[in-house]
Amino acid sequence: MSVSDKLMSASGRLAELSGRAKQAEDRAAAARSQAKGELEQSAEKARAEAQAHAEKLRASANATEANVSESWNDMQETLNAHIEKARKNIGEKKAEIDVKRAEKSAENAEDDALFAIDYAYVTIEEAESAVLDAIVARNDANELAAR
């Protein structure tokens, strides 16, 4: 893939990201009216999809480790740790039956959801910055090559 193809791919992937964010918004809105069993299935499906994408990202980063900066590797490790902790907390929360604990668990889950959205927002901004930096770097390289 030529570099211009990579930059075109980056632009297309940003568009896909936008579409995926809209899909998440639509699913969250629909979840408000789902029955408990259906809602639990939707949540499990979302977790499985997130896990599959995280594993795919991990494999991709490992395959291209020489080309992925250390800061991105650190970010991936942080994300993986957060995902693992969230999965553990979900399992623990399902075992709770005390009303006060259930309320606290719900509040924690809501806080986690809001943090995940904020994290995704920052990640999107970082992706935009990385794409623009790549365009600047490519333009610099092309300019130097033309001299």
* To do: Apply side chain to side chain contact (heavy atoms under 4.5 Å, CB included) to the pair Ser9 and Arg13, showing each step before the final yes or no.
  => CA-CA 6 Å; Ser9 176; Arg13 290 176 70 187; 3.7 Å; yes

Would you say the side-chain atoms of [X] pair up with the backbone N or O of [Y], donor to acceptor, closer than 3.5 Å?
X      : Y      : result
Ser105 : Arg101 : yes
Ser33  : Ala30  : yes
Ser42  : Glu38  : yes

* Distance in Å, Asp111 CG paired with Glu107 CD, rounded so as to fall on 0.5 Å steps -> 7.5 Å

* Distance from Tyr121 atom OH to Glu126 atom CD, nearest 0.5 Å? -> 12.5 Å

* **side chain to side chain contact (heavy atoms under 4.5 Å, CB included) assessment of Ile135 paired with Asn139** => CA-CA 6 Å; Ile135 292 168; Asn139 287 343; 3.8 Å; yes

* Sole candidate of Gln51, Glu49, Glu44 that passes side-chain hydrogen bond (donor to acceptor under 3.5 Å, both in side chains) when paired with Arg47 -> Glu44

* Do other residues, nucleotides or ligands put more than 12 heavy atoms under 6.0 Å from Arg20 CZ? -> yes

* Take atom CD of Glu55 as the centre, draw a 6.0 Å sphere, and report whether it contains more than 12 heavy atoms from other residues, nucleotides or ligands. => yes

* To do: Provide the closest heavy-atom pair for Leu14 versus Val131 in the form atom of the first, atom of the second, distance.
  => CD1-CG2, 4.1 Å

* Please report the C-alpha distance between Lys45 and Gln41 in whole Å, then the side-chain angles of each, then the deciding distance to 0.1 Å, and finally whether the side chain to side chain contact (heavy atoms under 4.5 Å, CB included) criterion is met. => CA-CA 6 Å; Lys45 180 180 177 187; Gln41 287 179 342; over 6 Å; no

